[in-house]
Number of protein chains: 2
Amino acid sequence: MSLEYAILGFLNYHPYTGYDLKKIFDTSIRHFWPADQSQIYRTLSRLTENGWAEMEKIPQEDRPDRKVYHITDAGRAELMQWLSGPPPMGEPRSAPLIQIFFAGQLSDEALIAKFEGFAAIMRAILAQYDQIPGQLGPYQDEITSPREHFFWLLTLENGIANMRSNLEWAESIVERIKNGHLPPQ
Amino acid sequence: MSLEYAILGFLNYHPYTGYDLKKIFDTSIRHFWPADQSQIYRTLSRLTENGWAEMEKIPQEDRPDRKVYHITDAGRAELMQWLSGPPPMGEPRSAPLIQIFFAGQLSDEALIAKFEGFAAIMRAILAQYDQIPGQLGPYQDEITSPREHFFWLLTLENGIANMRSNLEWAESIVERIKNGHLPPQ
DNA sequence: ATACAATATAAGACTTAGCATATATAGGAA
DNA sequence: TTCCTATATATGCTAAGTCTTATATTGTAT
């Protein structure tokens, strides 16, 4: 359901095609909710079936017609209700932690390499975050009012805070292993 | 694929039935990888097809026969290779952040309530973490060597660190809104 | 007396997401 | 010349996970 509301959120700013939305996703919320092109198109159909969006066909030559989706009053009401409701928490899922849970099978040297590698990945993701804000390209004007921009930055802050805490966690483990705090096999 | 390796990891400690595994999951790695009962049974079948586990049927009266799964040499090799490989990162997905991204639609008062509610959820999850370690019940002896226990605690530390950083994030936003740093609608 | 929990496995239906591929044309790069 | 990219939508297939229900008995709680 999350994708439905993400799309409704953007349609609430401005009417868009599936193609537009894919590019908007990739330059804005991709860092916490990547979306597949086919998934976006299917979800737009569903929004229309639900009466939350309406499709306007704009004919083109040489290319498929553009299908511009507009949010409806019902869609706007649904969005506001969802935004007002509780955070949609969902179950936590971290595949890397599965690897860590069973990592006692590895040698101490392999473990140091593993956590150093993990720290390196976190640093790389942090470096990526630095390049995210303010590249909405042609959609810039339609979306980024100061208030909207504020909340965009909050989602980035959250990602950065989490990555930093993961980085510190990994680094502290390397320290502990080097200091002999890891029980032997 | 993650579930396959989680199950292989436990079978590497000791042979288990699907029923056992469900209870072990719920009392150990549930906080970062919850698993459905039907999913566990299906995955055990797949492990057997792959030659990574073997099933031993233990007849019972009045109840379905127990099917105890043993890891094979091939399964152990596969597990070790996976553990030695890179962290299986996977795409980040956070439905709550979608809500935050579009939350500028809400009033300032509603926003303070939202972030305070978010902080309360984080505190509740942190309180839950305190009660996780050392309740493996009847499976305690088979699994928790000091080294295994060390890595279990590391996964808990990671969850706690992330929840704390989310909590601080939410609290700092409440502060900022109260101090008038939120652009008006 | 009746309902619920524990023991044990299984399959069907459904949702979400991901990957590949198809269609069709124009323009720029190698 | 050939290949890649941009524009624009759509479908088929698969994987992973969730929810529900089925079967069958014993013991415990209300």
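All figures in this text were calculated on a predicted structure; none of them were measured in a lab. Lettering of chains follows the sequences in order, A, B, ..., and the numbering in each one begins at 1.
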Legend entry - Phosphate contact (C/dT9 OP1 or OP2) by B/Y19 side-chain N/O below 4.0 Å: no
Legend entry - Spacing between A/Y41 atom OH and D/dT7 atom P, to the nearest angstrom: 11 Å
Legend entry - Whole-Å distance separating the CD atom of A/Q39 from the C1' atom of C/dA17: 5 Å
Legend entry - 5'-most by nearest nucleotide on DNA chain C - B/S45 or A/E4: B/S45
Inset, instruction - Answer yes when B/E157 and B/R164 have at least one side-chain N-carboxylate O distance shorter than 4.0 Å, and no when they do not. - result: no
Inset, instruction - Have a look at A/K23 and say if it touches a base, only the backbone sugar-phosphate, or nothing, with a 4.0 Å heavy-atom cut-off. - result: sugar-phosphate
Legend entry - Separation of C/dA17 P from A/R93 CZ (nearest whole Å): 13 Å
Inset, instruction - Using the closest heavy atom to pick a nucleotide of DNA chain D for each, name whichever of A/P64 or B/Q37 lands nearer the 5' end. - result: A/P64
Inset, instruction - Send over the distance from B/L47 CG to D/dA16 P, rounded to a whole Å. - result: 12 Å
Legend entry - Value in whole Å for how far the P atom of C/dG12 lies from CG of B/D36: 16 Å
Inset, instruction - With salt bridge (charged side-chain N to carboxylate O under 4.0 Å, His left out) as the test, would you mind laying out the steps for B/D108 and A/R147 before giving the verdict? - result: CA-CA 11 Å; B/D108 291 19; A/R147 194 174 172 95; 3.0 Å; yes
Inset, instruction - Look at the side chain of A/R42 against the base of D/dG12 and say whether a donor-acceptor pair falls under 3.5 Å; ignore hydrogens and angles. - result: yes
Inset, instruction - Quick one: label B/S2 by what it contacts on the DNA or RNA (base, sugar-phosphate, nothing), any heavy atom closer than 4.0 Å. - result: nothing
Inset, instruction - For A/F25 and D/dA8, give me the distance from atom CZ to atom P, rounded to whole Å. - result: 18 Å
Inset, instruction - Would you tell me if any nitrogen or oxygen in the side chain of B/T17 comes within less than 4.0 Å of OP1 or OP2 on C/dT9? - result: yes
Inset, instruction - Specify the separation, in whole Å, of atom CZ of A/R46 and atom P of D/dT9. - result: 18 Å
Inset, instruction - Please figure out whether B/R66 or A/S38 has its closest DNA chain C nucleotide nearer the 5' end. - result: B/R66
Inset, instruction - Locate the shortest heavy-atom distance separating A/L182 from A/L111; write the atom from each residue and the value. - result: CD2-CD1, 3.7 Å
Legend entry - Integer-rounded Å distance: C/dC19 P and A/K22 NZ: 10 Å
Legend entry - Salt bridge A/E171-A/R176, side-chain N to carboxylate O under 4.0 Å: no
Inset, instruction - Taking atom types as modelled, find out whether A/D20 and A/T17 have a side-chain donor-acceptor pair closer than 3.5 angstrom. - result: yes
